[in-house]
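To keep things clear, I will list the structure first and then write my remarks on it.
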Amino acid sequence: MRSTVLNASLLLFSLVVLLARWPRDPGPLAADDDGSYPGDTDDAFSALTPAALAAQMRHVSTPVRTRADAAAQAAAWWRGQMQCLSPRARCRARNVFFFNNSLHLFLIDDFPADGDGVAASYAALAISSTMTSLLVGLPGSEPLPVRVHKNLKPTELLLREVGPVRNETAIILDMDACKSVSDVVDLLAAAQFSHEGISRRTRIVTRYRVLPTIFRQILLAKSSHNLTTLSLGSKKHPAGLFPELLLGIDQQFWIGTNYLLEIWDDKILKLYADLTQEIHSLRHEDAKNLVAVTEKSPKNTCLFDPNEDLNVDEFALDLAKMNERLTFVSGLEPDLESTLNIVQECNTILCHSRECENYLHLAAPGSTIVALVTNDTEYALKPQLLELLNITQLTWALDTAASWTSESSPLDLKNLFRFLTMVANFNTLRFTTFMPWEQLNNQLIGFKSTCAIAALLNRTLILPLVGQRNAAIAGSAEWDFSFNVDEYAWSPMSRYFDLHALQTQLACAAITPHNFFALWRRQHGGGGGGGAQPKIDHAVFNPVARATAPQQLVQYYARLGLALPAHSLATDYPRLAALTAADVLSRWGDATGGDNQQQQQQQLQNVQARGGRVLAFGAAFWLYGFGAPAQEYPLRTYAGGYMRDGGYAATTAALRGTQRIRTAAAAALAAVRARQPQRQHAPTRVVAAVHVRRGDYWAKCRRIADAALRAMCFPPDDAVRARVLQTVDKAAAAAARGVWPHQRARRLRPVVYVATNIGGFRREMEALKADVDVVYFEDLFAVEQYDAIEQAMLDIEICSAADAFLGNIYSSFSRTIFERRELAGKPFDTF
């Protein structure tokens, strides 16, 4: 017993000594010049469970036990209150202490009136310490813990340490997850949404050690000049008290942050409008009229580039030809006013994708932000905010093989200028696009045809969506060649194909749907997200057997975002295929114009009658012939000759997979080639690839009457195995030529990579394992990490790079690989 009392006394003495070491600071909370509190962040309670914390707090604080004590507590100035809305995501609390790196609230139960049995009720008051965690930052940030103590009062020492406090409302915001100006504005808008009482008189307390100056200045747009950075548990400011504190962010605010699921209402949009206006008002009045903008004044293009050594002289000269001047900035200015002075004078802002979020709320209304992306997907700011702020946001993809700051691979300013030229001339451009039909490689054939037609007609190709057919239908042997738009999942091309190549290397000018719609709305007065919906002026329904119907065009183009009026859909065309340049120009080409106004007006009418501004096609499978001999069905030999057309070859080369797909395929192929290395420079294995189409393909091949030709379309299993071994032997012999004689004797076991749409085909290939190693997709890749289109793209990459390839002349999948190998000068064989 004596030992227990002694231990408790020592613990209480230790805690009193700990509190006594705190320097007294009777004034209100104040930050250093940089907004931070120096000192340690040791937390005496951080490692304790709630139960252990309650036990410790009983020594630090005094429980309410007696009648006299109860009367004193009822009127105590430190007595806390806490009101939370349901769901418990945002609270308003009074008299919140912070000490020992924690926030603490002392709540006292209501006491019964005087009378019989009162003393017993005091003694029965429950003493507890619990912890409530509230989100005070962006989603994903660490929640803020608040320790709530019931029927405990602070010690006299703690009450002396907090001293007198300023009677003001404060809100705590966690800035750790804020990486851009847009993040800060998002957090302010969320706080305003959650706590309508926040105003310029509200002190903002941030959980951030060293807050960037520009972030602090933006926070001041919604705070008093007493912006505080909270460093709980510091030696300089060990204790304090908030007389009124706003805690938590309403989770419902973040529902609309995904731009594809934007559901923000007018109330939230007004919060953003007010915040942006307040930020703009921080710009010095004298700087707002630095440049007098007139019709003849050059526009200002601002390039924000971290590489200060980037040579932009030629880029500036090119821009000058368009009456635009270049402002080259290596990054954000250190303070908000200087940054505003630069950004507000920019008509066009060129910036890194995430860096663009620094300029969204700083840019002047009517300006354009071009996000320069280094990944494979388009980048999009929130469309509702773009519309609200009257800002147009576009995307330009950098070469994924180049580095933004690399001296050897600088920013491709030449192609960027061509893109800016297209943007400047958008109002005069005419466009074409098409409906992808059937599976991936048939869609690519339609893409090549439409790109060639676009080039002939001097139109810009609106990149189509890529369709991924429902897996159950794709693998069915009973598929009847019907085409249903709703049976496909549709995605932007940039999800699967290198966006930089699509924007710079096709045989036709191209524009992404995102950029097209943004510029269309800007032209029609809708800013970033409003304006009239673009419509198709003339749609060509191309009946491909019974596999297409006019309604499919309406459904597909609705998914793309293009309106297709009934009067614009022409269904009187015959089956169109293998068109010549003369065919294309006679049907949709420009009429020859004249010099006088009447002739020019007639030419305009002819152009409108020949497709209008937006000319759309239905299924474009082999719509254009590329000057190659016509394909006679059933095929007897590989129908080559298309690669002799320069435009066809250029587009084929540009249709390469994303950096993610190319990197994964290269790593997998390298792993297959390698033996277990016993020493450096060991020989690698020969890899042959084969494409075997099964499942739904029988529905196509069984219609061929000639048995020999049918076997070429759907080769028997034994024929597949025999031809695979022949292909392997040929590749091995070719690999052996040029290898030292002593290494030929140690030639490694060849590998056969089987690309097939039916996993059950494995058993038909088992017999090959006596002579070669056989691998499949699932042996090299985690299947669950890739969708069906990505799996097909990986198959194409590996088959294109293998030492030998055996494919099917009837398959567009094999054709894609044949053509890729032609570009690389690699041989291939056919069944």
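Side chains included, hydrogens not; waters and symmetry mates left out as well; all remaining heavy atoms used. These figures come from a predicted structure and were not determined experimentally.
- A cation-pi arrangement is present between R613 and F426, with the terminal nitrogen or guanidinium carbon under 6.0 Å from the aromatic centre and inside a 45° cone about the axis.
- Between H500 and W396, the angle of the ring planes goes over 60°, which puts this pair in the perpendicular group of the 30/60° scheme.
- Between the side chain of N347 and the backbone N or O of S367 there is no donor-acceptor pair closer than 3.5 Å.
- The local environment of CG in N427 is crowded, with over 12 non-hydrogen atoms from other residues, nucleotides or ligands closer than 6.0 Å.
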- prompt: Does the side chain to side chain contact (heavy atoms under 4.5 Å, CB included) test come out yes or no for H538 and V540, once each step is laid out?
  reply: CA-CA 7 Å; H538 186 71; V540 178; 3.9 Å; yes
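- Taking a cutoff of 4.0 Å between a charged side-chain nitrogen and a carboxylate oxygen, E314 and K414 qualify as a salt bridge.
- S180 and N358 form no side-chain donor-acceptor contact under 3.5 Å, judged by distance and modelled atom types alone.
- By the neighbour-count criterion of 12 heavy atoms within 6.0 Å, atom CG of N425 is densely surrounded, having more than that number from other residues, nucleotides or ligands.
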message: Could you walk me through whether K299 and R325 satisfy the side chain to side chain contact (heavy atoms under 4.5 Å, CB included) test, starting with their C-alpha distance in whole Å, then the side-chain angles of each, then the deciding distance to 0.1 Å, before giving a yes or no?
response: CA-CA 6 Å; K299 294 182 178 180; R325 66 176 181 272; over 6 Å; no
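- E819 and Y648 are linked by a side-chain donor-acceptor pair at a separation below 3.5 angstrom, with hydrogens and angles left out of the test.
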field: Steps toward side chain to side chain contact (heavy atoms under 4.5 Å, CB included) verdict (Y272, L388)
entry: CA-CA 8 Å; Y272 277 99; L388 177 74; 3.9 Å; yes
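- F328 has its ring centre no less than 6.0 Å from the ring centre of F304.
- A side-chain donor-acceptor contact under 3.5 Å links Q344 to the backbone of L362.
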- prompt: For T348 and V370, what are the C-alpha separation, side-chain angles and deciding distance, and is it a side chain to side chain contact (heavy atoms under 4.5 Å, CB included)?
  reply: CA-CA 7 Å; T348 302; V370 180; 4.1 Å; yes
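- Without hydrogens or angle criteria, R821 side chain to C799 main chain gives a donor-acceptor distance under 3.5 Å.
- Remark: the T276 side chain and the H361 side chain contain an N/O donor-acceptor pair separated by less than 3.5 Å.
- Distance CD1/I369 to CD1/I349: 5.0 Å, rounded to 0.5 Å.
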message: Could you walk me through whether D186 and K382 satisfy the salt bridge (Lys or Arg N to Asp or Glu O under 4.0 Å) test, starting with their C-alpha distance in whole Å, then the side-chain angles of each, then the deciding distance to 0.1 Å, before giving a yes or no?
response: CA-CA 11 Å; D186 282 345; K382 302 180 183 72; 3.4 Å; yes
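- Aromatic pair Y642/W622: centroids less than 6.0 angstrom apart.
- Distance check, rounded to the nearest 0.5 Å: CD of Q791 to CD of Q785 gives 11.0 Å.
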task: Take D583 and Y624 through the test side chain to side chain donor-acceptor pair (under 3.5 Å) and record every step on the way to the result.
output: CA-CA 9 Å; D583 293 333; Y624 188 66; over 6 Å; no
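- Side chain of D183 to main chain of V185: no donor-acceptor pair is present (N/O by atom type, distance under 3.5 Å, no hydrogens or angles).
- Taking the six-membered ring where the residue is Trp, the centroids of F516 and F431 are separated by under 6.0 Å.
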task: Starting from the C-alpha separation in whole Å, work towards a yes-or-no answer on side chain to side chain donor-acceptor pair (under 3.5 Å) for D498 and T658.
output: CA-CA 4 Å; D498 187 296; T658 61; over 6 Å; no
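- Ion pair D537/R430 not flagged as a salt bridge, since none of the NZ, NE, NH1 or NH2 atoms sits closer than 4.0 Å to an Asp/Glu carboxylate oxygen.
- With Q468 contributing its side chain and D787 its backbone, the two residues share no donor-acceptor pair below 3.5 Å.
- S812 and N442 share a side-chain donor-acceptor pair at under 3.5 Å.
- Under the 3.5 Å distance criterion, the side-chain polar atoms of E357 are left unmatched by any main-chain donor or acceptor of R354.
- The 12-atom threshold is not exceeded at CZ of R644, counting heavy atoms of other residues, nucleotides or ligands nearer than 6.0 Å.
- Minimum interatomic distance between G467 and Y488 (heavy atoms only, all atoms of both residues): C-CD2, 3.6 Å.
- A donor atom on one side chain and an acceptor atom on the other are found under 3.5 Å apart for R522 and T368.
- A distance-only check finds no donor-acceptor pair linking the side chain of Q439 to the backbone of R469 [under 3.5 Å].
- Between K448 and D645, no side-chain nitrogen of the basic residue sits less than 4.0 Å from a carboxylate oxygen of the acidic one, so the salt-bridge criterion is not met.
- Between the side chain of E790 and the main chain of Y496, no donor-acceptor pair closer than 3.5 Å is present.
- The pair E797-R820 meets the salt-bridge criterion, since a charged nitrogen lies less than 4.0 angstrom from a carboxylate oxygen.
- Of the residues listed (T432, N542, T433), the one engaging F617 in a side chain to side chain contact (heavy atoms under 4.5 Å, CB included) is T432, and it is the only one.
- With W490 contributing its side chain and V485 its backbone, the two residues share a donor-acceptor pair below 3.5 Å.
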